[in-house]
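Read through the structure below, which is laid out as structure tokens, and then see the notes.
If you read the sequence from its start, that first residue is 1, and numbering goes on from there. The model shown is predicted, which means the values in this text are computed figures rather than measured ones.
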Amino acid sequence: MNSGRFRRSIPTLLLFAAMGAPVMAALPPKKAEVEDPNAPVSYYKKIRPILQAQCQGCHQPAKSKGGYVMTDFARFLAGGEECAKDKKQAVVAKDPEKSFLIEQITPDGGKAEMPPKKAPLPDADIKLITRWISEGAVDDTPTNARQRFDVDHPPVYQRPPVITSLAYSPDGSLLAVAGFHEILLWKADGSELVARLIGLSERIQSVRFSPDGRRLAAAGGRPAQMGEVQIWDVEKRKLLLSLAIGADTIYGVNWSPDGKIVSFGCPDNAVRAIDAETGKQVLQGTSHSDWVLDTVFTHEGDKLVTVGRDMSAKLTEVASQRFIDNISSITPGALRGGLQTVARHPERDEFLVGGADGIPEAYRIVRKVQRRIGDNALCIRKFPAMEGRIYAVAFAPDGKSFAAGSSLDGSGEVNFYNYDFNTEMPADILAIEDKAGRTEEEKKKEEDHFTSDVKLLGSVPFNAGIYALSYQPDGKSVAVAGEDGKVRMINPADAKVIKEFVPVPIGATPVPTQTVKLESK
């Protein structure tokens, strides 16, 4: 094994930190801030997080329910259509009783007008908002945090951003690309940018079209502030749902086969799923012991396969929210590092996983022998190692091959592997897996089976890490992207790049300059 695959340079570590992965450093412990209960209530630290979690999903530029936008401070104070009609104001500084917002969030008979179809805000939050208004409704948002983006004020790029996710629409007409504060919709051949879907999340970690292609789900957020699930109407370019989740970015969004449920992974070690129409949580799995980074449903949609930084792939039953099994081996050292990505075979409940050790592996989910410490009975095959960490895997539409993308120290590669072998485990290997103890000869025979019949079909090196890839539905092209912000299209038949383009508009804007007077001494 090439030990060089595990080197990490400082730039790469900084990139991982920017993508949400933790980087350990010897920093002095930060002293906890002691809050003065008599100090004025901070809008930025206290009020904004409440609005962000409970209100801004429905009241933002991309989805201004009732004409009310709460992400812009002036519009938040003014109110929406109802305020304009009744000549009211949502927030009247120093006068909570005249503030329509307080009227809307205060429960009457156990229910409140806002947020609709949800439990009223906690009494402590209502008191905090009331006190903030009484103190003058001051906006103490730092200058560097005031920038906001919407359809009239889209992001302006000075250089291409890191691309963390790509997805082709089921009909092959569109390619969705994760950008900064937005999802960019391109014609599938990369010839034209057709839409920019701009939302709250500054970081979009994953994008996925619904099975019918009519909707697009995204998972992301603002690091150390919020996670968010977005669901868009693709044809109307309209935000249907924005749901705040937790206090950090979220990952690995995916759809159930019937398009009714959306799953995603969270940095609180949980996998969650919501009703795609209402946003109501329908699943919370807590079997992982570290961040959950990717999710995918089985073909029937009754189970969910998840991978995470805890070096494991797990199986959860959707209806009961019950953990069923560890798919990957739980033997110490069997997987060296966390798992980043998972993909389902187009015809069977067989799954590819990839992660820190650079080795793509395929697993089944139906166990034929009793679980034993040290077994790897659900493994189908292990494929030739890649350079660095695997960030993306995907089956070809016909299921006879797959692609994987990796990154190491500012370089990356996309490998193509075969998957045209018999995936059933032979009886003699199954017998070995069913034994409590194994001889060295049996262990070698088992390992030889896991690496049999596998071939590296082609490899494409890049001077940039690869974090995302997606097959065009006809299988004739694979779109890949990553560290350098370029989308490249590869012909899997010969592993040649057939096109590349930058998916974001690069436009120079005047940069404020500061003149410094140098005084002679």
- Message: Could you tell me if the side chain of Thr164 sits less than 4.5 Å from the side chain of Tyr391, heavy atoms only?
- Response: no
- Do Asp233 and Arg214 touch side chain to side chain, with heavy atoms closer than 4.5 Å? no
- Contact check, side chains of Pro160 and Asp484, non-hydrogen atoms, under 4.5 Å: no
- Item | Note, Thr249 side chain near Trp291 side chain (heavy atom, < 4.5 Å) | no
- Please report the shortest heavy-atom distance between Ala343 and Ala394, naming the atom on each side. CB-CA, 4.1 Å
- Task: Would you check, one step at a time, whether the test side chain to side chain contact (heavy atoms under 4.5 Å, CB included) holds for Arg344 with Val305?
- Result: CA-CA 9 Å; Arg344 187 191 67 208; Val305 176; over 6 Å; no
- Task: Would you indicate whether the side-chain heavy atoms of Phe209 and Leu174 approach each other to under 4.5 Å?
- Result: yes
- Item | Atom pair CG/OH of Leu457 and Tyr417 - distance to nearest 0.5 Å | 9.5 Å
- Query: Do the side chain of Asp310 and the main chain of His288 share a donor and acceptor less than 3.5 angstrom apart?
  - Reply: no
- Pair Val253-Gln205, side chain to side chain contact (heavy atoms under 4.5 Å, CB included): steps then yes or no: CA-CA 9 Å; Val253 73; Gln205 295 286 9; over 6 Å; no
- Can you list the steps and then say if Val504 with Phe180 is a side chain to side chain contact (heavy atoms under 4.5 Å, CB included)? CA-CA 9 Å; Val504 301; Phe180 175 73; over 6 Å; no
- Message: I'd like to know whether NE2 of His153 has more than 12 heavy-atom contacts from other residues, nucleotides or ligands below 6.0 angstrom.
- Response: no
- Task: Side-chain contact test, heavy atoms from C-beta onward, threshold under 4.5 Å: evaluate it for Val480 versus Val460 and give yes or no.
- Result: no
- Taking everything shown except Lys499 itself, do over 12 heavy atoms lie less than 6.0 Å from its NZ? yes
- Query: Is a salt bridge present between Arg215 and Glu277, judged by a nitrogen-to-oxygen distance below 4.0 Å?
  - Reply: yes
- Message: For the backbone of Ala224 and the side chain of Asp248, can you confirm whether one donor and one acceptor N or O come within less than 3.5 Å of each other?
- Response: yes
- Please work out whether the ring planes of Tyr419 and His345 are parallel, tilted or perpendicular, with thresholds of 30° and 60°. tilted
- Query: Residues two or more places apart in sequence or in another chain: which of them pass salt bridge (charged side-chain N to carboxylate O under 4.0 Å, His left out) with Glu235?
  - Reply: none
- Message: How long is the straight-line distance from CZ of Arg208 back to OG of Ser263, given to the nearest 0.5 Å?
- Response: 9.0 Å
- Considering only heavy atoms from C-beta outward, does the side chain of Val271 approach that of Phe264 to under 4.5 Å? no
- Going from CD on Gln321 to OG1 on Thr316, what distance comes out if it is rounded to the nearest 0.5 angstrom? 9.5 Å
- Sequence neighbours excluded, the answer for side chain to side chain donor-acceptor pair (under 3.5 Å) partners of Gln284 is Gln281
- Measuring from Ser287:OG to Asn269:CG, what's the distance to the nearest 0.5 Å? 10.0 Å
- Worked verdict on Ile261 versus Phe297 for side chain to side chain contact (heavy atoms under 4.5 Å, CB included): CA-CA 10 Å; Ile261 300 175; Phe297 286 88; 3.8 Å; yes
Exercise answer: donor-acceptor pairs, residues 468-475 side-chain atoms, under 3.5 Å, sequence neighbours excluded:
from: Ser470; atom 1: OG; to: Tyr168; atom 2: N; distance (Å): 3.2
from: Asp474; atom 1: OD1; to: Lys476; atom 2: N; distance (Å): 3.0

- Which pair of heavy atoms, one from Arg159 and one from Ile506, lies closest together, and at what distance? C-CD1, 3.8 Å
- Between Ser42 and Asp140, does any side-chain donor sit less than 3.5 Å from a side-chain acceptor? yes
- Query: Which heavy atom in Pro384 sits nearest to a heavy atom in Pro360, and how many Å separate them?
  - Reply: O-CD, 3.6 Å
- Query: Among side-chain atoms of Ser406 and Glu387, is any donor-acceptor pair under 3.5 angstrom?
  - Reply: no
- Just by modelled atom types, is the Thr298 backbone N or O under 3.5 Å from a matching donor or acceptor in the Asp349 side chain? no
- Rounding to 0.5 Å, atoms CG (Leu184) and CG (Leu166) come to a distance of 10.5 Å
- Describe, in one word, how the ring planes of Phe501 and Trp186 are oriented to each other, choosing from parallel (under 30°), tilted (30 to 60°) and perpendicular (over 60°). tilted
- Side chain to side chain, Ile250 and Cys266, heavy atoms closer than 4.5 Å: yes
- Message: Quick check for you: to the nearest 0.5 Å, what is the distance between Leu197 atom CG and Lys238 atom NZ?
- Response: 13.5 Å
- Message: Please check: side-chain N/O of His181 versus main-chain N/O of Gly199, any donor-acceptor pairing under 3.5 Å?
- Response: yes
